[in-house]
**Q** 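Pasting in a structure now, in structure tokens, and then I'll have a few things to ask.
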Amino acid sequence: MTPEDDNLDTSSKSPKPVAYTDPLTGLGNRRRLMDKIRKLAAERADDPAPFTIGIANIDGFKPINDLFGHAAGDEILCQVAHRLRACLPDGGFVARIESDEFAFVLPLVFEKKGAEKIGRMFKDVLSAPYDLGDRNVRLSASFGFAVYPFAGEQFAELLKSADTALYRSKRRGRGQITVYSEEIAEEMRYGTQVEQALRRAIIADEVAVHFQPIVDLTDGSIQGFEALARWSDRELGVVSPGVFIPLAEERGFIDSLTETLLKKAAETAKHWPSEMFLSFNLSSAQLIDPATAFNMLAIINRVGLDPSRLELEITETAMMSDPEIAAKVIQELHALGIRVSLDDFGTGQSSLGRLREFAFNKLKIDRSFISEITVDKSSEHIVRAILMMCKGLNLKVIAEGIETEDQAEMLRSLGCKSGQGWLYGKAVDSAETFRLIEAQQKAQLEAYPTFVVSSGSSDLP
Ligand code: C2E
Ligand code: CA
Ligand code: CA
């Protein structure tokens, strides 16, 4: 059988069982791929020559389906199949294994460079416009490769390695190519170690929450606190939330981690003066879970924190993975009286139009602009423009990562009202928040002896 025959269900010549064929594109399906890889691995077990498998995933395929309809989506998939089949190197095989995911076997590609070269060729071929009759559509695809036997000796293991490589590509943006490597394998092992330790720490209640003050820039008084997760493991030492939060998301236990964190944060926050808010970070996985708003409310209700004192921070990037569900979650949060702020503004990929659609209450200007604001004119202009825009949109603004008095002064002169950063304080534990609040109340009382600090809820423990 020629390589071409091998890739096509030519039922008139030699009918193959339907279960081996993808009915839409006529390519082989996952079972066919499994057979192919098993056979090749069995052959290569005696002959130690490696071979390569790869997965291609179309970037942003779902919006295409939603925008142009399923018929157009199907047409694109058929064209992708046709192109991949047409440009397969000698002995190659391609299958469709999921809606917008194609896998291939490259028996004559032995190492990373060769895989990357084929990846670049496929990428170019797939990025040419697709003809949909009345219009042309452009797409990109992401790739993950795995080389046998290093990345796995069995089908499942090999495909998993290619999938891990693909996941890395997706995380880096669109149109990326990754080959599973020793470095990735090492990161995976570390990830597994962190995962096991973290799962144990959650059960043993060892993950803590600290609080960074958010202040009024005119007088430095505390308006609220942002909750930030803190964890130190006996063996691994201090692990940054920038590492363990994405890991918990990736490995599917972010819900139990969030529940512990929000519960602890709310237990502290309910003892602050009632005008002070708690700002809590939502992770991206929670924005694609329709149950999020209800879950958050259930947690704070159990603790007894008023929803109007809770703000949830979400990032632009998190919103973009499924803007429809994200919009629904945000709408429900509003309906429950929980405010929503847009975190790390300026670093994500969303459009300004989304600011209007999503109806945020607040926007947090990312630290990368603030840290440059006194030395880089363009950062200053960007911050100025963001502040103007927010004024027009009636959005409150918090400047993040203020480290120097000069930066604070500049922000004040531009009309920014709130901020946070090491200048005003790093994240501190629950007990320290009470000391900070008490110190502030004392200072206010000394300055204005008749000043009533808060509406009666100074039940600091
Ligand atoms: P983020 O939400 O942007 O949080 C702000 C980060 O900036 C924090 O890092 C904070 O410690 C740091 N920071 C604050 N002020 C300054 C400053 O003046 N200078 C500098 N250089 N850094 C400053 P951290 O605590 O390491 O958290 C990193 C990220 O991890 C957070 O970024 C957030 O995305 C995530 N994260 C932390 N806690 C949680 C959590 O409970 N849930 C979720 N989903 N994510 C969390
Ligand atoms: Ca944040
Ligand atoms: Ca932030």
Side-chain angles (χ1 to χ4, degrees), residues 194 198 201-202 206-215 217 220 224-232 238-269 277-289 292 295-296 299-300 310-319 321 326 329 339-348 360-374 386 397-408 411 418-430:
V194 174
L198 183 57
I202 294 171
E206 288 170 7
V207 187
V209 183
H210 281 198
F211 302 88
Q212 183 176 39
I214 296 172
V215 305
L217 290 181
F225 290 88
E226 175 176 0
L228 293 163
R230 293 291 177 261
W231 173 47
S232 171
V238 174
V239 185
S240 150
V243 171
F244 68 78
I245 299 278
L247 190 104
E249 283 190 88
E250 223 175 90
R251 307 208 176 191
F253 59 104
I254 189 69
D255 282 352
S256 58
L257 179 58
T258 301
E259 184 173 345
T260 338
L261 292 170
L262 181 57
K263 187 168 154 275
K264 283 187 184 183
E267 268 161 3
T268 296
F277 61 87
L278 167 69
S279 207
F280 187 85
N281 293 285
L282 264 198
S283 63
S284 35
Q286 291 168 306
L287 270 180
I288 52 171
D289 178 359
T292 290
N295 289 344
M296 298 294 113
I299 297 168
I300 59 166
L310 179 64
E311 293 188 5
L312 293 175
E313 300 189 8
I314 63 181
T315 64
E316 297 169 279
T317 319
M319 254 162 37
S321 67
V329 170
R339 289 190 299 266
V340 180
S341 46
L342 184 56
D343 200 2
D344 301 347
F345 185 73
T347 60
F360 295 101
N361 302 98
K362 257 184 206 172
L363 180 153
K364 300 185 79 173
I365 307 178
D366 191 67
R367 178 162 66 88
S368 53
F369 300 107
I370 309 303
S371 60
E372 299 287 309
I373 195 173
T374 54
I386 295 175
V397 180
I398 297 177
E400 292 190 298
I402 306 171
E403 293 183 354
T404 68
E405 189 49 57
D406 285 351
Q407 290 164 354
L411 284 161
S418 301
Q420 67 185 104
W422 295 349
L423 177 67
Y424 300 100
K426 292 192 174 181
V428 294
D429 67 14
S430 170

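In listed order, ligands and their atoms are each counted from 1.
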**Q** Show every donor-acceptor pair shorter than 3.5 Å between a side-chain atom in residues 397-406 and any protein atom, with sequence neighbours excluded, or say none if there are none.
**A**
from   : atom 1 : to     : atom 2 : distance (Å)
Thr404 : OG1    : Gln407 : N      : 3.1
Glu405 : OE2    : Arg412 : NH2    : 2.6

**Q** Would you verify that at least one protein heavy atom lies under 4.0 Å from atom 23 (C) of ligand 1, or report that none does?
**A**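 Within 4.0 Å: yes, protein heavy atom nearby.
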
**Q** Which of the numbered atoms in ligand 1 are below 4.0 angstrom from a heavy atom of Ser283?
**A**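 Those qualifying, in numeric order: 44 (N).
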
**Q** Hey, does Gly401 sit under 4.0 Å from ligand 1 if you only count heavy atoms?
**A**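 In this structure, Gly401 qualifies as a contact of ligand 1 - some heavy atom is under 4.0 Å.
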
**Q** Under 4.0 angstrom from ligand 1, any heavy atom of His210?
**A**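 Flag not set, His210 not near ligand 1.
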
**Q** Do Ala227 and ligand 1 have an N or O pair less than 3.5 Å apart?
**A**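 In fact, backbone or side chain, Ala227 has no N or O that close.
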
**Q** What are the atoms of ligand 1, with element, lying closer than 4.0 Å to any heavy atom of Glu403?
**A**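 Under 4.0 Å from Glu403, ligand 1 has these atoms: 17 (C), 18 (O), 19 (N), 20 (C), 21 (N).
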
**Q** With atoms numbered from 1 as shown, which atoms in ligand 1 lie under 4.0 angstrom from a non-hydrogen atom of Asp344?
**A**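 Answer, ordered by atom number: 3 (O).
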
**Q** Glu226 heavy atoms, cut-off 4.0 Å: which ligand 1 atoms fall inside?
**A**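 Selected atoms, number and element: 2 (O), 4 (O).
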
**Q** List ligand 1 atoms under 4.0 Å from Ile245, heavy atoms only on the residue side.
**A**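 Checking each atom against Ile245, I get 39 (C), 40 (C), 42 (N), 43 (C), 44 (N), 45 (N), 46 (C).
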
**Q** Would one find an N or O of Trp422, backbone or side chain, under 3.5 Å from an N or O of ligand 1?
**A**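 N/O-N/O distance below 3.5 Å exists for this pair.
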
**Q** Hey, is ligand 1 close enough to Arg367 that some N/O pair sits below 3.5 Å?
**A**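 Yes - when backbone and side-chain N and O of Arg367 are compared with those of ligand 1, one distance drops under 3.5 Å.
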
